[in-house]
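See below for the structure under consideration.
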Amino acid sequence: MNAANSQTSGYDGAMHAELALGAWGRLMLGLDANYIIASDQTFFDPINGNQTFHYAGTAGPTAVGGAVGTPRARGSFTADWTRGALSLGTIVNHRGIMKGIDESVSGDQCLHLSMNNPHCYIASFTYADVYGQYQFQ
């Protein structure tokens with residue numbers, strides 16, 4: 001389903017640095033973060049009238065993007081060390097807490113309310129990807 005209108009507001013920030021390590025190669029560091037104030041999508045409905053859904057800080061929209069949600073706060077840290085043909089690095093990603101609702105599917109009803117989740121929130125989480133590369137000549 002395509003939105004007739006989509007509006008997002010928030011703050012984005014980024015810092016990146018490259019450090020020369022002499023004989024030890026070079027180190028590249030990066031920090032990216034954003035905070036979403038609002039993420040609204042309006043869908044055209046000729047029968048019931050247009051509907052606007054507010055996704056910032058929720059699990060929605062679950063119909064697109066693999067149901068990864070729209071956390072208000074998210075960020076990533078990158079470190080990449082390169083020496084000659086060898087590169088090693090990591091990317092650490094963080095996603096902030098989200099309310100477990102999707103207005104376009106269930107209104108303000110919790111998507112997965114249980115005894116273990118009585119307040120209908122999805123906890124924040126952090127994960128890391130580690131990689132290595134060698135360039136053969």
Side-chain angles (χ1 to χ4, degrees):
M1 179 183 299
N2 292 325
N5 184 35
S6 181
Q7 293 184 325
T8 302
S9 63
Y11 301 102
D12 295 316
M15 295 188 310
H16 295 266
E18 185 172 337
L19 307 169
L21 303 176
W24 289 96
R26 72 177 205 276
L27 180 64
M28 295 189 320
L29 303 171
L31 181 63
D32 296 279
N34 68 27
Y35 181 82
I36 297 173
I37 295 169
S39 180
D40 302 333
Q41 290 185 352
T42 301
F43 293 90
F44 177 69
D45 185 342
I47 297 169
N48 300 313
N50 293 353
Q51 291 184 302
T52 299
F53 301 109
H54 311 284
Y55 293 122
T58 72
T62 55
V64 277
V68 296
T70 310
R72 287 192 184 274
R74 62 180 138 193
S76 64
F77 171 76
T78 306
D80 184 282
W81 172 70
T82 301
R83 182 175 181 202
L86 177 65
S87 290
L88 300 173
T90 186
I91 302 170
V92 179
N93 296 289
H94 175 77
R95 301 293 179 260
I97 190 170
M98 294 176 277
K99 192 164 185 182
I101 65 169
D102 180 351
E103 287 186 359
S104 61
V105 174
S106 61
D108 64 353
Q109 297 298 309
C110 189
L111 294 173
H112 185 70
L113 190 61
S114 69
M115 296 208 35
N116 295 331
N117 188 18
H119 303 294
C120 195
Y121 281 96
I122 299 167
S124 63
F125 58 95
T126 302
Y127 62 96
D129 296 318
V130 178
Y131 61 89
Q133 174 181 323
Y134 187 84
Q135 295 180 356
F136 293 96
Q137 300 287 338

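We count residues from 1, following the sequence as given. The shown structure was predicted, so the numbers you read here are calculated from the model rather than taken from an experiment.
- Note: the hydrophobic cluster containing Tyr134 does not contain Met28 (ILVMFWY, side chain heavy atoms under 4.5 Å, direct or indirect links).
- When all heavy atoms are compared, the tightest approach of Gly69 to Met98 is CA-SD, 3.8 Å.
- Both Leu31 and Leu27 are part of a single hydrophobic cluster, where members link through side-chain heavy atoms under 4.5 Å apart.
- Under the 4.5 Å side-chain criterion, counting only non-hydrogen atoms from C-beta, Arg74 is in contact with Ile36.
- The OG1 atom of Thr78 lies 7.0 Å from the NE2 atom of His16; values are rounded to the nearest 0.5 Å.
- The two residues Pro71 and Gly96 come nearest to each other via the heavy atoms CB-O, 3.6 Å.
- Summarising the geometry, atom OH belonging to Tyr121 is positioned 8.5 Å from atom CD1 belonging to Ile101; distances are rounded to the nearest 0.5 Å.
- Residue Ala79 comes nearest to Leu29 through the heavy atom pair CB-CD2, 3.8 Å, listed as atom of the first residue, atom of the second, then distance.
- Proximity of Thr42 to Gln7: side-chain heavy atoms (C-beta onward) are nowhere separated by under 4.5 Å.
- Side chain of Thr70 to main chain of Gly60: a donor-acceptor pair is present (N/O by atom type, distance under 3.5 Å, no hydrogens or angles).
- Taken from OH in Tyr11 to CD1 in Ile37, the straight-line distance is 4.0 Å, to the nearest 0.5 Å.
- The backbone N or O of Trp24 sits less than 3.5 Å from a side-chain atom of Trp81, completing a donor-acceptor pair.
- Heavy-atom minimum distance, Gln41 versus Ser6: CG-OG, 3.7 Å.
- Taking NE2 of His54 as the reference point, atom OG of Ser39 lies at 10.5 Å (rounded to 0.5 Å).
- Once rounded to the nearest 0.5 Å, the distance linking OH of Tyr35 with CG of Asp12 reads 13.0 Å.
- Scored by the salt bridge (charged side-chain N to carboxylate O under 4.0 Å, His left out) test, Arg26 finds Glu18 as partners (sequence neighbours excluded).
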Residues 85-93 side chain polar contacts: donor-acceptor under 3.5 Å, at least two apart:
unit_1: Ser87; atom_1: OG; unit_2: Thr82; atom_2: OG1; d: 3.0
unit_1: Thr90; atom_1: OG1; unit_2: Asp129; atom_2: O; d: 3.0

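- The structure places CZ of Arg72 at 12.0 Å from CG of Asn34, a figure rounded to the nearest 0.5 Å.
- Counting heavy-atom neighbours within 6.0 Å of Tyr127 OH, excluding the residue itself, gives a total above 12.
- Counting heavy atoms from C-beta outward, Thr8 and Tyr55 have side chains that stay 4.5 Å or more apart.
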